There are 2 protein chains.
Amino acid sequence: MKLSTKGRYGVKAMFDLAQHMGEGPTSLKSIAERQGISEHYLEQLVSGLRKAGLVKSVRGAQGGYLLGREPGKIKIGDIIRVLEGPIAPADCVSEENPDCCAKADYCVTRTIWEKVRDSIVEVLDSITLESMLEDAKKREADSSLYMYYI
Amino acid sequence: MKLSTKGRYGVKAMFDLAQHMGEGPTSLKSIAERQGISEHYLEQLVSGLRKAGLVKSVRGAQGGYLLGREPGKIKIGDIIRVLEGPIAPADCVSEENPDCCAKADYCVTRTIWEKVRDSIVEVLDSITLESMLEDAKKREADSSLYMYYI
DNA sequence: CTTATATCATATTAAATCAGTCGGGATTTG
DNA sequence: CAAATCCCGACTGATTTAATATGATATAAG
């Protein structure tokens, strides 16, 4: 019931890109350093994100990556689906081409996994990089407020 | 983001036990046959469930397993926790002793995993073996009703 | 008392996945 | 040209998964 580092690193990297929008392309090296991730490993993950159009790349010196579209239009679910595959606690309730067993119609167990899947999808598709940025800004404001009162 | 067969087989087996309550102990062999699971493998899983008190065993010929308590008091989350460990999409938000990273307080990514975890827990702890039995009964009624009208 | 039926326990294993690492190309800037 | 950077495929050690194998222990039935 765990995400692999692929999904977690991927979200971190995408959020990092969102935080550095408007500063030109961001290199993997700088993302890897800030987020504490192996650069070569990150390379593999970002390769998938690029093929899915979630990021755009700029080659050569001073190159790097940019978000593929506005942060408000990139859902966490999009990132997870690219890096971890279709969201599903079991193959028989996979978002795409569920590997149906013969009993699917009346299987009581299956309906549990459907509910779990839907609740996960609901969370992951309700959060965008933009909403994360807002969240981070709010937190920063709160913590500086806190600083004044201490 | 997937459950392993441990969790899925475990829920199936527990539901099978619930369906055969009042018929004396149910043998692993019969559960394994009905549910299409390797008996020896199931043995390992049930061993964990027994240690956790979710099932009781009766040794010897005509022996088998019984639910450890009323089906209304066995949540799917209980079963999953025994067989898959604490519910958590990432270690930093594990239900028990979360493996906290230094940035936990202000990590925006972490709050996503918290929300995912909470939504999964909400689903898994809201379903009991009893509610599954009711669900199955209702379905049966519906399908027989359908039979009359066709 | 013996035998068949079960649970209980431990060890082994083949395959897959994870989380990287390594080495070398291709492309662009200065 | 040199340095920075993305791009690509192959390799690897560790862990997990999903079993299988073997044998011991307990009990009901005959």
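Everything numeric in this text was worked out from a predicted model, so none of it was measured. When reading the values below, keep in mind they use all heavy atoms of this one structure, side chains included, and skip hydrogens, waters and symmetry mates. Residue numbers begin at 1 in each chain, while the letters A, B, ... track the order of the sequences.
- Proximity of B/Ser27 to the phosphate of C/dT7: no side-chain N or O atom is located under 4.0 Å from OP1 or OP2.
- In A/Glu140, the CD atom is not crowded: 12 or fewer heavy atoms of neighbouring residues, nucleotides or ligands sit closer than 6.0 Å.
- As rounded to whole Å, 12 Å separates atom P of D/dT20 from atom CD1 of B/Ile37.
- You'll find that the side chain of A/Lys51 is closest to D/dC8, out of D/dA29, D/dA19, D/dC8.
- The side chain of A/Ala61 sits closest to C/dT28 out of C/dT28, D/dA19, D/dC8.
- Nearest-nucleotide positions on DNA chain C place A/Ser4 closer to the 5' end than the other of A/Glu43 and A/Ser4.
- For the pair B/Arg59 and A/Lys29, nearest-nucleotide mapping onto DNA chain D gives the more 5' position to A/Lys29.
- Proximity of A/Trp113 to B/Arg8: side-chain heavy atoms (C-beta onward) are separated by under 4.5 Å at one or more points.
- With values rounded to the nearest 0.5 angstrom, B/Leu124 atom CG is found 7.5 Å from B/Ile76 atom CD1.
- When rounded to the nearest whole Å, the span between CD of B/Glu39 and C1' of D/dA19 equals 13 Å.
- Residue B/Ser126 holds its OG atom at 10.0 Å from NZ of B/Lys75, rounded to the nearest 0.5 Å.
- Between D/dC6 and A/Arg50, no contact under 4.0 Å exists linking OP1 or OP2 to a side-chain N or O.
- The base of C/dT21 sits within donor-acceptor range of the side chain of A/Gln44, with an N or O pair under 3.5 Å.
- Applying the 4.0 Å criterion to OP1 and OP2 of D/dT12, one finds that A/Tyr41 has every side-chain N and O outside that range.
- Straight-line distance from the NE2 atom of A/His40 to the C1' atom of C/dG23: 9 Å, rounded to whole Å.
- Between the CE atom of A/Met1 and the P atom of D/dT16 there is a distance of 18 Å, given to the nearest Å.
- Straight-line distance from the CD1 atom of B/Ile31 to the C1' atom of C/dA6: 12 Å, rounded to whole Å.
- Here the nucleotide nearest the side chain of A/Thr5, chosen from C/dT5, C/dG20, C/dT7, is C/dG20.
- Here D/dT20 presents its P atom at 12 Å from CG of B/Leu45, a figure rounded to the nearest Å.
- Between atom CZ of residue A/Arg50 and atom NZ of residue A/Lys56 there is a gap of 13.5 Å, rounded to the nearest 0.5 Å.
- Residue contacts for B/Val58: at a heavy-atom cut-off of 4.0 Å it reaches the sugar-phosphate backbone alone, with no base atom in range.
- For A/Tyr65 and C/dT28, the OH to P distance is 14 Å, given to the nearest whole Å.
- Between A/Leu83 atom CG and C/dC18 atom C1' the separation is 14 Å, expressed in whole Å.
- The local environment of CD in A/Glu95 is crowded, with over 12 non-hydrogen atoms from other residues, nucleotides or ligands closer than 6.0 Å.
- Between B/Ser57 and C/dC8 there is a side-chain N or O to OP1 or OP2 distance below 4.0 Å.
- As judged by a 4.0 angstrom heavy-atom cut-off over every strand, A/Lys6 is placed among residues touching the sugar-phosphate backbone only.
- A residue-by-residue look at B/Tyr9 and A/Gly64 shows that A/Gly64 has its nearest nucleotide of DNA chain D further toward the 5' end.
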